[in-house]
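Worth saying up front: this structure is predicted, and the values here are computed from it rather than measured.
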Amino acid sequence: QVQLVESGGGLVQAGGSLRLSCAVSGLPFSIYVMGWFRQAPGKEREFVAAISWSDDSTYYADSVKGRFTISRDNAKKTVYLQMNSLKPEDTAVYYCAADRGVVVHFTTHEYDFWGQGTQVTVSS
């Protein structure tokens with residue numbers, strides 16, 4: 001059974017930092033593209049960041065570039081999202097996702113497995 005379990009969300013003031021983690025089980029983590037998406041109330045789920053499995057290349061949405069960093073630890077089967085300089089507009093439920101493809105994708109329908117999400121709230 002595949003499981004993706006996010007943790008690390010919470011309430012933080014603008015300018016603060018949070019580190020999200022996503023522990024994965026039930027699939028060969030080292031050959032999966034891993035992504036982070038987020039969904040704010042009343043909005044569609046959007047791409048935040050992704051990391052390839054082949055060479056650890058990273059990709060970011062323009063809105064988070066320079067502030068967020070995605071990384072992975074294959075030994076721990078965990079993907080991380082370090083979020084710095086947080087803004088109120090970063091408030092959302094954050095989801096991690098796994099894609100068994102070779103190419104990194106930026107759309108939700110390309111990802112095969114999803115976590116339940118973790119709430120991030122940034123106060124002004």
Visitor: Would L4 and M34 count as a side chain to side chain contact (heavy atoms under 4.5 Å, CB included) here? Give the steps.
Guide: CA-CA 11 Å; L4 285 71; M34 297 301 300; 4.2 Å; yes
Visitor: Take the angle between the ring planes of Y95 and W114 and call it parallel below 30°, perpendicular above 60°, tilted in between.
Guide: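 Perpendicular: the ring planes of Y95 and W114 meet at over 60°.
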Visitor: Which heavy atom in R67 sits nearest to a heavy atom in L86, and how many Å separate them?
Guide: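 The answer is NH1-CA, 3.9 Å.
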Visitor: Restricting to pairs with a member in residues 91-105, which pass salt bridge (Lys or Arg N to Asp or Glu O under 4.0 Å), not counting sequence neighbours?
Guide: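 Pairs touching residues 91-105 that pass the test: R100-D112.
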Visitor: Would you confirm whether H109, through its side chain, and T107, through its main-chain N or O, come within 3.5 Å as a donor-acceptor pair?
Guide: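 Absent.
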Visitor: Check whether any side-chain heavy atom of Y59 sits under 4.5 Å from a side-chain heavy atom of I70, and report yes or no.
Guide: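 They are not in contact (no side-chain heavy atoms under 4.5 Å apart), so the answer is no.
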Visitor: Can you name the closest pair of heavy atoms from I51 and S71 and give their distance?
Guide: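 The pair with the smallest heavy-atom distance is CD1-CA, 3.9 Å.
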Visitor: Answer yes or no: is there a donor N or O on one side and an acceptor on the other, between the side chain of Q1 and the main chain of G26, under 3.5 Å?
Guide: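 Pair absent, no side-chain N/O of Q1 close to backbone of G26.
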Visitor: How far apart are the closest heavy atoms of S21 and T78, and which atoms are they?
Guide: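 Nearest pair, atom of S21 first, then T78: CB-CG2, 4.3 Å.
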Visitor: Does any non-hydrogen side-chain atom of Q3 lie less than 4.5 Å from one of V24?
Guide: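 No. Closest side-chain heavy atoms not under 4.5 Å.
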Visitor: On a heavy-atom basis, which atom in A92 and which in A40 lie closest, and how many Å separate them?
Guide: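 In this case the closest contact between A92 and A40 is CB-N, 3.8 Å.
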Visitor: For F47, run the ring-ring contact (aromatic ring centres under 6.0 Å, His included) check against Y60, Y94, F106, F68 and tell me which one passes.
Guide: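 Result for ring-ring contact (aromatic ring centres under 6.0 Å, His included) with F47: F106.
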Visitor: For S17 and N84, does a side-chain donor sit closer than 3.5 Å to a side-chain acceptor?
Guide: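 Yes, because at least one side-chain N or O of S17 sits under 3.5 Å from a partner of the opposite role on N84.
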Visitor: So T91 and Q119, side chain to side chain contact (heavy atoms under 4.5 Å, CB included) or not? Walk me through it.
Guide: CA-CA 8 Å; T91 295; Q119 176 70 46; 4.0 Å; yes
Visitor: Could you see if Y80 belongs to whatever hydrophobic cluster contains V5? Use Ile, Leu, Val, Met, Phe, Trp, Tyr and a side-chain cutoff under 4.5 Å.
Guide: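 Y80 does not cluster with V5.
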Visitor: Is the terminal nitrogen or CZ of R72 (NZ for Lys, CZ for Arg) located under 6.0 angstrom from the six-membered ring centre of Y32 and within 45° of that ring's axis?
Guide: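 No, R72 and Y32 do not form such a contact.
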Visitor: Can you list every salt bridge (Lys or Arg N to Asp or Glu O under 4.0 Å) pair that touches residues 12-25, not counting sequence neighbours?
Guide: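 Output for this query is empty, none listed.
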Visitor: If every non-hydrogen atom of S52 is compared with every non-hydrogen atom of D55, which pair is closest and at what distance?
Guide: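 For S52 and D55, the tightest heavy-atom pair comes out as OG-OD1, 2.8 Å.
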Visitor: Before you tell me yes or no, could you show the steps for F29 and K76 under side chain to side chain contact (heavy atoms under 4.5 Å, CB included), namely the whole-Å CA-CA distance, both residues' side-chain angles and the distance that decides it to 0.1 Å?
Guide: CA-CA 9 Å; F29 178 81; K76 295 183 178 180; over 6 Å; no
Visitor: Quick one: closest heavy-atom pair of Y111 and A97, and the distance?
Guide: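 Taking Y111 first and A97 second, the nearest heavy atoms are CD2-CB, 3.5 Å.
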Visitor: Could you give me the CA-CA distance, side-chain angles and deciding distance for L81 and V79, then say whether side chain to side chain contact (heavy atoms under 4.5 Å, CB included) is met?
Guide: CA-CA 7 Å; L81 186 68; V79 61; over 6 Å; no
Visitor: When you measure from the side chain of T121 to the backbone of L11, do you find a donor-acceptor pair of N or O atoms at a distance under 3.5 Å?
Guide: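 Judged by distance alone, no pair lies under 3.5 Å.
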Visitor: Quick one: does F37's side chain get under 4.5 Å of C96's, heavy atoms only?
Guide: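 Side-chain contact under 4.5 Å: no.
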Visitor: Salt bridge check, D90 against K87: does any charged N sit closer than 4.0 Å to a carboxylate O?
Guide: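 Answer for the salt bridge query: no.
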Visitor: Under 3.5 Å, is there a donor-acceptor pair between the side chain of E6 and the main chain of T118?
Guide: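 Answer holds: no.
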